[in-house]
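Remember, it's a predicted structure, so these values are computed and weren't measured experimentally. Note on naming: letters A, B, ... go to the chains in the order of the sequence lines (proteins, then strands), and numbering restarts at 1 for each one.
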Amino acid sequence: MLCKLSLANIKKSIKDYAIYFVTLVLGVCIFYIFNSIDSQSSMLAVSNRQNEMIELLINILSYVSVFVTFILGFLIIYASRFLIKKRNKEFGIYMTLGMSKRKISLLLLLETFIIGLISLVVGLFLGVILSQVTSVFVANMFEADMTKYVFVFSSSAMIKTAIYFAIIYLIVMIFNTIVVSKNKLINLLQASKRGENLKIKNPYICILLFIVSVLMLASAYYMVTSGIEELTKHEVGIILLPISLGIVGTLLFFYSSSGMILKVVSRCKNFYSKGLNTFIFKQINSKINTMVVSISVICIMLFLTLCLLSSSLSLKNYFNNSINKYAPVDLNLYEEVSEGESDIDKFLSEPILKNNIKDKFIINSYTDSNFRFSDSLGDYAKEVPDLIRNHNVLVKVVGEKDYNLLADYYNLEKVNQNENEYTIVVDFNKFVYDESVKRNTTLHIFDRDLVPSKKGVIEGFMEIGANPSNMGFVVVKDDLLAGKDVYSKLLLINYSTSDKETVENIEKALSKIDIKGYSIYDTKKEIKESSSGLTTIITFICLYVGVIFLISSSAILALKELSDCIDDRDKYRILRQIGVEEKDINKALFKQTLIFFMTPLILAIVHTIFGLKFAKWILGSMGVDNMLSGVIMTFVFLLIIYLIYFIVTYLCNKSIIRD
Amino acid sequence: MKEILKVKNVIKYYGSKSNLTKAVDDISFDVEEGEFVAIMGASGSGKTTLLNLISTIDKVTAGEIFVDGEEITKLKGNDLNKFRRDKLGFIFQDFNLLDTLTGRENISLSLSIQNVSYSEQKRRIEDIASKLGITKILDKYPYQMSGGEKQRVACARAIITNPSIILADEPTGALDSKSSKQLLSSFEYLNKDLNSTILMVTHDAFTASFSSRVIFIKDGKIFNEIRKGEASRKEFFDSIIDVVTLLGGEINDAL
């Protein structure tokens, strides 16, 4: 009996369940896709290094999935609360007919179970299909070749999805049971009649709070953009200050803005009293007032989505381009000079490498034990941020002749300086040296005083890497180094072959050579793989979390809008009775839904503009300078998802208010 | 006298052939400009159905209804909404005020959808509010008003557009006797001083006694019709009671 009733109920309220159902399906689908990365990558031709990266990604994803489960759990509980609220009267009637609360809970349990089961099956089905497409995307991200096409199905991901969602549904069921058993019959029956608890806020307090919220947001914005130098002088924890200012500011903003805007708009009498404008603004006002917290959470989630996606996509784009710039040679070996056989000789005597060398180059570096990082900055050292100053290593000194050969090799700017002058070559935190040279800092190296050359600072590096990481070395005239001991040597090699297999064989042979503890060797291939792997991991996690955030916030908006619309059916009936034309009613509904959807998005976009400036500052220190394409991609993606939810909501609303 | 409402052989059937309910069964009557007509009948007699037909909320099965010379039974879609907007004023038992709007905004809404300018809206609202004695509550929200106040705001909303006819469905149904009396005095005022035409559905003889004519409906048919003429309200009330007694026991409980 109960089973029949619950099936009938679902059929009857299919419209109300639509958004809930879509959200569940999307959640399951995305959960599956991201958790099936392991089987998706199995069809890729990946090297060991890439494999390690994929394993790391899968590991991280499994932790992130727990977090995602929490978010989805909250979302589903929130959604089911709406559905229950809507059906209060129905439950009331069951109770007057003599159905026990236990039975009603059971009924609800069955309904949740059926909906859950269907959404799980549909979601998994969609997930399996979509993961066929995403595997191409995965291959692209890891820059791996798709060797063969196989149908990807991850049973482990499926089981995991099923278990995680079963747990969510179980919690939803418990939650529903509690809600139903707590309700009183009279409240259930009169649920629709009880007037909404209208809270009319004092407009002057609203205006005051609005100003406070704008000030808070503005100061948070200032701190992470123009005031950023100030911020970096403090402990790392100081970043919590703008964050909490932002959160409280957002809450206050939504608490006060609707009342404030209403006050302002109602001053524009002619506009306010035109057509249905009064009705529309009052509707939005009461809506936003009843969900200040949720709308703030949505705004912050949208903001995070925008920032995470844009930054990670920019990072990804950047790394793909930067490797060729920062790793211009195939191999480099750094060795500190010491007793015993030199590592460089060991490498060069390796037969397979010997046969495949196109060109090679060795550059010598020197150090003065009295010349450390802080010395290289002179008086300015006291002013630089702790984080940079603490890195107090010996700074390498290179002869001008050697450097200019290297510059030829790497295509860097050459040094041309006079006697007793120095030039700094740096590409990480370059601004520090820019400042110190501007102050005409005199350096004391090997018992000689040197002044900055005309050029002063050159952007460049010695060891290859994925991104700028050269903290700086000094180029001096060669005669200063005459008779000094070489501290370290750097070997640079270009292969004569680009054949993948040969390169792999060379590097396999080299990796077997036993090198000294202080020696470091890097190859372009490895740098490429690990850096693209790392950025891919970051991009993946950001995509995963971003998509979940986006879906959750759109779903909450849509659900709130729909459930409100059901409560508001009466209002639209009244409008019809007093003779409002159908097209005006639809227009009012459209405007109201649009403004409601736009409100959190607009503030989130403003947050993002400043948030991205901050992100650019952080990423900029890694050398990322162009974020535009990442930002555009993110916005397009966000707008598509948002638009889909908006259109579905509007159409559902329209059919709800139809007679 | 100008004829505002003409109901001609109107029939409304519900259900299928095998199970037919004749809610309104061949009713005809006219309402002239400035008349205050009450329609009385027991629950289920078809009076609310009749009102719904006149207000175009429901469609007739057969017959014709003319408002201001226009045949409204032929209207469709948007013309219906336009007709309601321009020709009708509504007053309902449960007030039907929008709870998110203040009294003033509720009243002005019916003007703003007619594209009346703000200054004109303001003037007309102030005017009607002082006449109905609701100036003080204009800026309150419905939940801050008493039932009687809400109904007078609804009255103001109905009259503000100068409709051809005001339709009232059990306007005193949700009011206590004091508020009822206040509201009915307002109706009298609208009718006598502003020359509004009012058609009111009620099952309460006291409410009906404020009108100038009462039409009694039983089982979807007109049962009787009495006019107040020169009689006092008390005398009219007594004659209404007489007809109610004649009608049978069904609506005695309403007294």
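- Counting heavy atoms of neighbouring residues, nucleotides and ligands inside a 6.0 Å radius, atom NZ of Lys131(B) exceeds 12 of them.
- You'll find the side chain of Thr100(B) stays beyond 4.5 Å of the side chain of Lys287(A), heavy atoms only.
- Proximity to chain A (any heavy atom under 4.5 Å) is restricted, for Phe92(B), to the side chain, taken from C-beta onward.
- Residue Lys274(A) comes nearest to Ser112(B) through the heavy atom pair C-CB, 4.2 Å, listed as atom of the first residue, atom of the second, then distance.
- Smallest separation of non-hydrogen atoms from Asn270(A) and Tyr118(B): OD1-CB, 3.0 Å.
- Considering only heavy atoms from C-beta on, Asn81(B) stays 4.5 Å or farther from Val580(A) through its side chain.
- When side chains are defined from C-beta on, Leu88(B) does not count as touching Gln577(A), because their heavy atoms never get closer than 4.5 Å.
- Judged by distance alone, the side chain of Glu581(A) and the main-chain N or O of Lys82(B) form no donor-acceptor pair under 3.5 Å.
- Between Lys269(A) and Lys122(B) the shortest side-chain heavy-atom distance does not fall below 4.5 Å.
- Looking at Leu97(B), Leu98(B), Asn96(B) one by one, the single match for side chain to side chain contact (heavy atoms under 4.5 Å, CB included) with Lys571(A) turns out to be Leu98(B).
- Annotation: side chain of Glu105(B) is in contact with side chain of Tyr272(A) (closest heavy-atom distance under 4.5 Å).
- A 6.0 Å sphere centred on OH of Tyr14(B) holds more than 12 heavy atoms belonging to other residues, nucleotides or ligands.
- In this structure the side chain of Leu101(B) reaches within 4.5 angstrom of the side chain of Thr278(A), judged on heavy atoms.
- Looking at Ile578(A), the atoms closer than 4.5 Å to chain B (heavy atoms on both sides) sit in the backbone and in the side chain alike.
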